[in-house]
Student: 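Got a structure for you, written out below as structure tokens; questions coming shortly.
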Amino acid sequence: MTTEEQEAAVHTLLRALQIEIPADRIPALTVAYFTAMAQSQQLRGDVTRTPSASAFDAAWDSK
Amino acid sequence: MPATNPNPAPRTIRRTLHDLATHEISTQALMAEILTCMQETDDAVMAWLDVRPKYLMETAEAQDRRRMLRMQPTPLFGIPVGVKDIIDLAGYQTVCNMEAREDVDKAERDAVVVHALRRTGVIYVGKTVTQEAAAGIFSDPCRNPWDTEHIPGGSSGGSAAAIANGTALGAFGTDTGGSIRIPSSLCGVTGLKPTYGRLSLEGIFPLSASLDTVGPLANTVADCMALYLGMQGKGNEIPTMWDRFPEDEASLKGVRIGVPGGFFAERIQPEVTVAWQRAIAHAERLGAEIVDCVWEDAAAARIAASQIIRIECGQVHRDLLVSAPEMMGETLRERVELGVILPVDVYFAAIAARQRAKQSIAKLYAEHRLDAMLVPTTPVTAPRAGETSVSYTDGTIEETGAALTRLTQPWNATGQPVFALPAGQDDRGLPIGLSLVGRPDDEWHLADIAHALELAIS
């Protein structure tokens, strides 16, 4: 995606949520949005490590 | 250096209780001392909001009368405490440093924790300054008492500055991404972020409901634990609590302390690293076993916590963003704009990552049989007000907010209790802070370790 396309995508999101923000705020928000999306992708990297609540509790209890 | 800190040997709650009980000082004299200090310094530090001197002196006088009549004093009788201005204090507004709440009605009742602590006999001095909506680390207009050209940290900046400045002996803070620990570190005071869920949040303005925590700030570990007991409604346990914390000896025999490399050792101001190493040496000298370890999920835990805060904070302030965005400060507005447009699967990914982080840190503690981990609270000392970034010796630069929350946020994701301790000063005389991270619901054992280390460091 080009920068313009990214900014247009953010603008579309804002419109869908009926949020109006001045045009000069869009570039910084776009950078923040796509950075957050990339961070989220990082978190998804290891989805096979499904946690189990019982395993969590047991681990803390073992000291 | 425009420093205002008048209190190099600050009053502790413990010592003050003794002085009050033995009539070495009256509650009125203590309050007068605090109000004088406030008058002399708060124009520069700006830690306080809505302080009512006449009411405070009348309350102090009433307490002295009760003491003269030998009426059974409550356990923290006469101790001056501040309340962060996102926490309800009956008869005071909870403005949260938000323009949109400037005309909000006064709270009709105390937050649950404020009410519980009130029953111990503390005197609430007033409200302390917070970052707007507790969403950030600057706490404008408050400044750092050690050097008023520097920030106190946030969002409980006013609470930490008030204690550092000698205008309160204890204070309430809240911690969602580091808001008790960061100002504790930057202002050289002690703070406890309890285990997530340990203390009631009723009557506290939310930032991020699944991460918000309330806790005490004070001058020592023992003082924090007295306040913590009071906040839980267990004030009756305070008088017998002090003996747990001997003032002249400390041992860490049998205690295993993890020292994580990797994430927690990268991009740290050199003086902070030196203080960290010195504290490790103290712990070892006191008999602790030091365990080198690496928590591989620390970075992911940090990202998970920051994503959750963004989105939950966005939901809290969404309506204000739509109806009156001009009433929001720049930092809050940026945060909320982003929080509301992030898709819901970002939130669920963060929730899942948080759970994985909880599991992996539990395993790490179990595998190494750790009682606690010792890490820097913040990688740098207090940045100068207006500085938007900090730089490191390796030439890298980091945005100020990101730098100050980098080492605190992982522990919000895991929900563990953390003691933030002062650990000396850097070359410019600014405080350095270290954190001891305990096992969930293990605040007392953590306090024992923190107290021993506090004695050794001081």
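Sequence lines set the chain letters: A, B, ... in the order given, protein chains first and strands last, and positions in each chain run from 1. Note: hydrogens, waters and symmetry copies are ignored here, and every other heavy atom, side chains too, is used.
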Student: Minimum heavy-atom separation for A:Ala36 to B:Leu342, with atom names?
Tutor: CB-CD2, 3.8 Å
Student: Quick one: what part of B:Arg333 sits under 4.5 Å from any heavy atom of chain A, side chain, backbone, both or neither?
Tutor: both
Student: Is chain A contacted by the side chain of B:Glu326, its backbone, both, or neither, given a heavy-atom distance below 4.5 Å?
Tutor: neither
Student: Does some side-chain heavy atom of A:Tyr33 sit less than 4.5 Å from a side-chain heavy atom of B:Pro343?
Tutor: yes
Student: Report the option among A:Gln41, A:Met37, A:Arg25 that has the most heavy-atom pairs separated by less than 4.5 Å from atoms of chain B.
Tutor: A:Arg25
Student: If I compare all heavy atoms of B:Ile303 with all of A:Gln39, which pair ends up nearest, and what's the gap?
Tutor: CG2-CB, 3.8 Å
Student: When you compare the side chain of B:Glu337 with that of A:Ile19, does any pair of heavy atoms fall below 4.5 Å?
Tutor: no
Student: Given heavy-atom pairs under 4.5 angstrom as the criterion, report whether the side chain, backbone, both or neither of B:Asp441 touches chain A.
Tutor: neither
Student: Could you tell me the separation between the CD1 atom of A:Ile21 and the CD atom of B:Glu334, rounded to the nearest 0.5 Å?
Tutor: 10.0 Å
Student: Donor-acceptor check, side chain of A:Arg44 to backbone of B:Ala353, threshold 3.5 angstrom: yes or no?
Tutor: no
Student: Please state whether the side chain, the backbone, both or neither of A:Gln18 comes within less than 4.5 Å of a heavy atom of chain B.
Tutor: backbone
Student: Side chain, backbone, both or neither: which part of B:Ile341 has a non-hydrogen atom closer than 4.5 Å to chain A?
Tutor: both
Student: Under a 4.5 Å cutoff for heavy-atom pairs, which residue among A:Leu14, A:Leu13, A:Leu17 has the most contacts with chain B?
Tutor: A:Leu17
Student: Side chain, backbone, both or neither: which part of B:Val322 has a non-hydrogen atom closer than 4.5 Å to chain A?
Tutor: side chain
